[in-house]
Amino acid sequence: MMNRTTFIKFRGTNFFLLHCLPSFQFVTHTASLHSNLSSLIHKITNLNDALELFDEMSHRQPLPSVVKFNQLLTAVTKIKHFSSSLDLFKQMCAIGVPVDKYSMSIAIKCCCQLYRTKDGFAVLGCCFRRAISPNVYIYNALLDGLVLEDKILEAEMLFKKLIKQKLCEPDVVTYNTMIKGLCKFSNNVTALALLRLMEQNNCKPNIVTYSTIIDSLCKDKLIDDAFKLFKEMVSDKGILPNVITYTSLICGLCKFGRWDDASKLLKQMEDENISPDVKTFTALVDAFCKEGKVEEAEAVINIMIERGEVPNIVTYSSLIDGYCLRGEMIKAREIFDSITLRGLVPDVVTYNSLLNGYCKNLNIEKAEQMFHEMTVKGLKPNVVTYNTIIQGFFQVGRCVAARKLFDEMHAQGQIPNECTYGIVLDGLCNNRQVEEALSLFHLMGDSKLNSDIVVYNILINGAGKCGNVDIARVLFHGLIDKGLQPDVRTYNVMISGFCQEGQLGEAKLLFLKMEESGCPPDDVTYRVLLQGYLKNRHYDDVEMLLQEMDDRGYSLDASTLSLFIDHIAAGLLDRSMLKLLGKLVPKELLNDPRLCDWE
DNA sequence: TTAGGGTTAG
């Protein structure tokens, strides 16, 4: 058992100092508080008060009941000082408070919230040793910890074990936690199956259950399924949606550009007296910004301010993103600077947005400056930060600087992700360093990255663009040998590579193979092939391809169209093709003055 | 008279 001295040390200096104060002061200060410990605990709003109270409690003779200590632990946990709460729990054990299943449950929860689920299981072991039989609260906390750490398989195993071995009766929280984990990995099918299972087991799903799955469906763009579930929840189960349910749905609609439906839903929630909150408004702001509709986004912000909602750092970061996307960097910077004036603090994501804007607009010096600024301000660049600047360096041809930063991120403890590798490989290829890219690719060995179709697409594209169509072909066959499935992009970049080298026969063969491989060509495939045919003055299939495009409802892009116009103007293609071309031109391109005599 | 999930925005 820990003695008093160690106990004080354990607490840290503040307590030591506190303890050194003349004891009468301490006693007079606290004596009057003796009478109502519960109400004191109830009033706790900050860590210091809690620690002080704990100290005082632990000096009492006799010790207050374990219930009082548990209440204090709860208070500390509620203000999210999990680590301190865990310390207090340890001290409770040390000074001989007879900890019970409540204390254990709090301790386990704290471990789990600190991403130390392993320690949580160790505490579970303590429960068994102390003959405290764990209950559903304890298992739920552990399950949540596993989900938090993305250990979904372990979570599933624990969940099944609970049921099979009848360790506890799963309740709505157990199911919701498991569903949350499944949704985190886009496993909507199993999440829905679990929803049905809980109904079978007489465990009523609630608003959290439904909202979790609805949100996941929206994130996966399964908006119709989301609404089906929404209808089931409201009409069949009589569960009223809340602001969270609505925000998910509105967000889903906005992502599809279904603005009318989104505004109908907004109206519907208002009719039901549910007010949109900061997150709802920000979702709208973000969706508008992503479509370049910054004016609309600003209007939303004005409305939210009028309605007494205060835009926060997320709202403004979205707006910055919007201006960056439009290349309006001065405006983006203006918003960034105004953030501080509003008493908000830019975070890593805010910096990343602005950095990305500078990089995309090829102002890499400004980006470097911001990168420096954020570290000075004590913000730790994350993987996204590094990815953004590395890509920026490659875009302006500064390959050495890119490579240096790539090495530096390792040193800073930021582990490159698949995105990083994609950026580096793409950057190397675009800077005509295909060999370098390939050797990095081979260095990856048999990692997940090495069997990522996106990585293959980048390399095949890079090799093809640099005129190394043979390397591209080897990669293409290599991925098939590996059992990987080429996607439409893979075919497109390979066809593009063949076209570039004038190997139209190969291009056509691959094009024909797409359909039979269950990967039908998309509009890009047609554009790539058509451009290849035109550039190589190979006109035999052109009309047929245009006809097919029309049948499939595809349209031409500006550059392909431009190429057609040139060929017609040069008398290489017959003007009779104009009629067919006219059908394939999207509305916005019809404004092209060169097309005015078309109709 | 003590423990839980809480799902929504960059």
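Quick note: numbers below take in every heavy atom, side chains included, and nothing from hydrogens, waters or symmetry partners. Protein chains get the first letters and strands the later ones, always in sequence-line order, with residue 1 at the start of each. This one's a predicted model, so the numbers in the text were calculated from it and none came from an experiment.
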Margin query: At less than 3.5 Å, do the side-chain atoms of Ser318(A) and the base atoms of dG10(B) form a donor-acceptor pair?
Written below: no

Check: So, Asp321(A) and Ser318(A): side-chain donor and acceptor under 3.5 Å apart, yes or no?
Finding: no

Checklist line | Side-chain-base donor-acceptor pair under 3.5 Å for Asp171(A) and dG5(B) | finding: no

Item checked: Candidates dA9(B), dA3(B), dT8(B) - which lies nearest the side chain of Tyr102(A) -> dA3(B)

Item checked: Any donor-acceptor N/O pair under 3.5 Å between dA9(B) base and Asn312(A) side chain -> yes

Notebook entry, point to check: Do the side chain of Ser211(A) and the base of dT7(B) come within less than 3.5 angstrom through a donor-acceptor pair of N or O atoms?
Noted result: yes

Notebook entry, point to check: At under 4.0 Å, does any side-chain N or O of Lys279(A) touch on OP1 or OP2 of dT7(B)?
Noted result: no

Checklist line | Side chain of Asn140(A) (C-beta onward), nearest among dT2(B), dG4(B), dA3(B) | finding: dG4(B)

Check: Rounded to whole angstrom units, what separation is found between the CG atom of Leu37(A) and the P atom of dT1(B)?
Finding: 10 Å

Check: Whole-Å distance between dT2(B) C1' and Asp100(A) CG?
Finding: 8 Å

Check: Would you say dT2(B) has OP1 or OP2 under 4.0 Å from some side-chain N or O of Lys101(A)?
Finding: no

Margin query: Let's test your reading of the model: under 3.5 Å, does the base of dT7(B) pair with the side chain of Asn242(A) as donor and acceptor?
Written below: yes

Checklist line | d(CD1, Ile108(A); C1', dA3(B)) in whole Å | finding: 10 Å

Next item on the list: State yes or no: are the ring centers of Tyr351(A) and Phe371(A) separated by less than 6.0 Å?
Entry: no

Next item on the list: Could you check how far CG of Leu319(A) sits from P of dA9(B), rounded to whole Å?
Entry: 19 Å

